[in-house]
Protein chains: 2
Amino acid sequence: MKDKTDGAPVERRRGEGVKLVYDILRDEILDLVLPPGSPIDEIQLAERLSMSRTPIREALVRLAGEGLVTTLPNRSTVVSNVDFLNLHTFFDAMTLMYRVTTRLAAEHHRPGDLAAIRARQADFAAAVAAEDALAMIATNRDFHATIAEAGRNPYYLALFCRLLDEGRRILRIYYSSFDDRLPARYADEHDAIIEAIATRDVAAADRLATAHADQIVHQIQQMIARDRRQTVPL
Amino acid sequence: MKDKTDGAPVERRRGEGVKLVYDILRDEILDLVLPPGSPIDEIQLAERLSMSRTPIREALVRLAGEGLVTTLPNRSTVVSNVDFLNLHTFFDAMTLMYRVTTRLAAEHHRPGDLAAIRARQADFAAAVAAEDALAMIATNRDFHATIAEAGRNPYYLALFCRLLDEGRRILRIYYSSFDDRLPARYADEHDAIIEAIATRDVAAADRLATAHADQIVHQIQQMIARDRRQTVPL
DNA sequence: TGTATTTTTTTTGTCGACAAGATGCCGACG
DNA sequence: CGTCGGCATCTTGTCGACAAAAAAAATACA
């Protein structure tokens, strides 16, 4: 089978191999190309990318640090599972991070930030117009991550990105039942959030972010309730 | 010089070397045995612990993932600096995590949790009685980490532990000026927090946690204001 | 035929060695 | 006397190979 990740002996700059493996695995995990529970074979990856096992292992250690993979000692490392039993902890943290990052963005954003945020919103609108649910997921993530960057709190940013990535995985699982009627509402809410940030209206930013988070959480919960049969193994 | 980390060729079980290096480096970084900016030489560590560079590198990658060390590409990896210019972001996140973890503990704690929390509080009280400021820092961290565990939100727990560790480092820097008059107040506040959690009084838990966080933040700020001269290089 | 035990195979964790990149030193030149 | 370029040294990033541990397979025995 022909793959875009060729096995030909390509020359790579020093220190670039790790990043390559890391990015590939990360994307494949978040896009569910590697579904939760998939074993990751180091040798196979090494042959596929025509490099030694050392950089692959380093990338795996980094992914394990972010919780995307789980390494069983002396056994294979597998893609981490999504903890459906404790999704409420995810929703709780997600909502809080939506709120604090948007609040902080309204407080601390600087001249260039609004342009970046609006650019991301344009990307999201394009994805909505194209009815590309996968692109919506990705651009929505980038939109809120950019807001978090404008808030300038690295601790919140790190946790928020982790949550957004996990959300990307969850949404992917329920991609088949993605309701493309709601996104228009999301786009409007995004515009309102931008407006609140631009006018430095912290209270409005908090209120809008809370409502936005509630929307997304509610939608995910609906998806889960709808497709529960498929998530429970026989 | 004789060290407890001997260089004799000791036999180690498979997979134990990485954890050993990780724990040693982590402790030395948080205790400022390795002050911020210290270069970490892989070969030197490998000789000191009588092992290859591979497990040392894996431990360094994990530490880099937690932000405790910074790896300059193709150059040495150094202990991460404390960002004094943006301490307010640290205080902000710290206060929020104090609040949400204490709230969640009041909501979700289970039978065994209170005993564990009280045990940690006893450790803290013992450190206060012994007037051991270093032990106070460590036991205070464990006390709040145990509360966060009782809250059962892994996302908050991870961020909170990271913040508590960073706080441990900051307090260590100002250890010389540690005022051992305040800790008695801390112990009382801890008792009040335990009471609020036990009675599942979420509002009280939130209020007490906020006050507690404000106390600690205020004390650190006072320390910094007092010793600013030493923090500014010539 | 089913189960327990041994053997084989596969995969991980660790090691020593080599090559790329960077830092510092030394000499040449303006 | 100061600055630039080349050389030596040091550290890191990567590689191939070996050993330990677990899984899988094969065999012996009841």
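Everything quoted here is computed from the prediction, not taken from an experiment. Chain letters run A, B, ... following the sequence lines, proteins first and then strands; every chain starts at 1.
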N/O donor to acceptor pairs below 3.5 angstrom from side-chain atoms of residues 89-97 of chain A, sequence neighbours left out:
from, atom 1, to, atom 2, distance (Å)
A:Thr89, OG1, A:Asn86, O, 2.7
A:Thr95, OG1, A:Phe91, O, 2.8

Check your understanding: B:Ile56 CD1 to D:dT12 C1': how many Å, rounded?
Key -> 14 Å
Study note, to complete from the structure: Taken in chain and number order and not counting sequence neighbours, the residues that satisfy ring pair (Phe, Tyr, Trp, His ring centres under 6.0 Å) with B:Phe124 are B:His190
Check your understanding: What residues form a salt bridge (charged side-chain N to carboxylate O under 4.0 Å, His left out) with A:Arg162, not counting sequence neighbours?
Key -> none
Check your understanding: How would nucleotides 10-16 of chain C be written as a contact map, 5' to 3', with B for base contact, S for sugar-phosphate-only contact and - for no contact, using protein heavy atoms under 4.0 Å?
Key -> --BBBBB
Exercise for review: Quick one: list whatever passes side-chain hydrogen bond (donor to acceptor under 3.5 Å, both in side chains) with B:Asn74, sequence neighbours left out.
Suggested key: A:Arg14
Review point. In chain order, what residues pass the salt bridge (charged side-chain N to carboxylate O under 4.0 Å, His left out) check against B:Arg110, with sequence neighbours excluded?
Key: none
